[in-house]
Amino acid sequence: MHLLLATPAEPLTGLAGWAVGLMDSLGGLGAAIVVGLDNLFPPIPSELVLPLAGFSASRGTFSLAGALFWTTLGSLAGAVLVYWLGALLGRDRCRALLSRLPLMDVADFDRTEAWFIRHGGKAVFLGRMVPIFRSLISLPAGVERMPFGRFLLLTTAGSLLWNTAFVVAGYLLGESWSLVDRYASVFQYVVLAAVAIALGLFVAVRVRRVSRH
């Protein structure tokens with residue numbers, strides 16, 4: 001049973017209204033398009049569009065399993081496009097392109113690239129669950145020509161975990177899906193803390209191994 005039963009729904013406007021309208025018109029494909037755009041245009045927040053996919057599933061537009069499938073497919077498609085953009089353009093042209101895009105900061109790319117160079121596959125997997133990095137991590141993966149099969153596997157796994165948390169929350173909350181966006185920053189801090197702890201443990205284990213030799 002959905003958590004929302006009390007108040008009548010208010011009409012959705014702006015980005016939320018457009019996203020739900022597209023999902024109503026195209027079904028799962030609409031959800032994939034909306035989430036794919038989140039990967040291509042970081043200013044479109046996945047913390048908004050993913051709960052909307054869950055909300056649409058709660059209305060019967062598609063099933064919850066369908067929402068998870070289509071949103072993950074959309075995440076993967078967007079990430080693959082960005083990966084090949086990085087592979088084709090190279091580092092310098094990617095930075096030049098980002099400098100011309102509104103609401104984008106080249107410094108974000110530089111930080112993401114440094115994280116990828118340092119952590120490789122772990123950065124791709126965990127990066128799908130970190131704001132800003134989620135949209136940009138595919139660029140350095142493409143620039144550095146990370147093996148494509150490995151990139152697909154790690155991106156799919158990371159995207160599925162992230163998408164599931166927000167889609168299921170939107171599904172359970174129903175018309176109150178916007179509560180997810182309200183608490184998304186708290187969830188993101190938890191994710192960032194978990195990532196920092198995981199990386200810290202990894203470094204500690206590596207240092208310990210080296211010191212033994």
Side-chain angles (χ1 to χ4, degrees), residues 2-4 9 12-85 123-139 141 148 151-188 190-192 194-195:
H2 304 310
L3 299 183
L4 159 93
L12 296 175
T13 58
L15 177 61
W18 170 80
V20 170
L22 191 64
M23 293 179 203
D24 287 343
S25 301
L26 302 180
L29 179 60
I33 291 173
V34 171
V35 176
L37 290 175
D38 159 53
N39 284 261
L40 296 173
F41 303 102
I44 298 178
S46 65
E47 299 83 1
L48 172 67
V49 297
L50 289 171
L52 282 172
F55 165 61
S56 293
S58 75
R59 297 170 62 196
T61 304
F62 32 69
S63 66
L64 177 59
L68 294 175
F69 170 79
W70 285 105
T71 55
T72 301
L73 182 64
S75 294
L76 185 59
V80 167
L81 285 175
V82 175
Y83 172 94
W84 286 114
L85 186 67
V124 172
F125 173 72
L126 296 172
R128 304 305 304 174
M129 295 173 273
V130 178
I132 301 299
F133 286 80
R134 179 172 55 252
S135 298
L136 294 177
I137 192 63
S138 301
L139 269 181
F148 187 62
F151 171 80
L152 285 179
L153 178 63
L154 293 170
T155 298
T156 301
S159 297
L160 181 59
L161 284 175
W162 178 262
N163 293 0
T164 297
F166 283 92
V167 170
V168 170
Y171 180 83
L172 294 175
L173 288 169
E175 300 285 354
S176 299
W177 64 270
S178 58
L179 291 175
V180 182
D181 185 52
R182 186 181 305 175
Y183 295 105
S185 59
V186 176
F187 178 71
Q188 289 173 356
V190 171
V191 171
L192 287 171
V195 169

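Side chains are part of it too, since the values below use all heavy atoms of this structure and drop only hydrogens, waters and symmetry mates. Source: prediction; values computed, not measured.
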Check: T61 side chain, S56 main-chain N or O, donor-acceptor pair, under 3.5 Å = yes
Between CG of L29 and CE of M23, what distance do you get to the nearest 0.5 Å?
-> 11.0 Å
From OG1 (T156) to CZ (R128), nearest 0.5 Å | 9.0 Å
Mind checking what makes side chain to side chain contact (heavy atoms under 4.5 Å, CB included) contact with F125, not counting sequence neighbours?
-> M129, L154, A157, L161
Under a 4.5 Å cut-off applied to non-hydrogen side-chain atoms, are L81 and L85 in contact?
-> no
Is there a side-chain contact between W162 and L50, using heavy atoms and a 4.5 Å cut-off?
-> yes
Would you sort out whether V80 and F148 count as a side-chain contact (heavy atoms from CB on, under 4.5 Å), showing the intermediate values?
-> CA-CA 9 Å; V80 167; F148 187 62; 3.9 Å; yes
Can you list, pair by pair, the side-chain donor-acceptor contacts under 3.5 Å of residues 63-79, counting residues two or more places apart and other chains?
{"unit_1": "S63", "atom_1": "OG", "unit_2": "G66", "atom_2": "N", "d": "2.9"}
{"unit_1": "T71", "atom_1": "OG1", "unit_2": "A67", "atom_2": "O", "d": "2.7"}
{"unit_1": "T71", "atom_1": "OG1", "unit_2": "L68", "atom_2": "O", "d": "3.3"}
{"unit_1": "T72", "atom_1": "OG1", "unit_2": "L68", "atom_2": "O", "d": "2.8"}
{"unit_1": "S75", "atom_1": "OG", "unit_2": "T71", "atom_2": "O", "d": "3.1"}
{"unit_1": "S75", "atom_1": "OG", "unit_2": "N163", "atom_2": "ND2", "d": "3.2"}

Identify the heavy atoms of F62 and A53 that sit nearest to each other, and give their distance.
-> CE1-O, 3.4 Å
Measure centre to centre between the rings of W84 and F151, then say whether the value is under 6.0 Å.
-> no
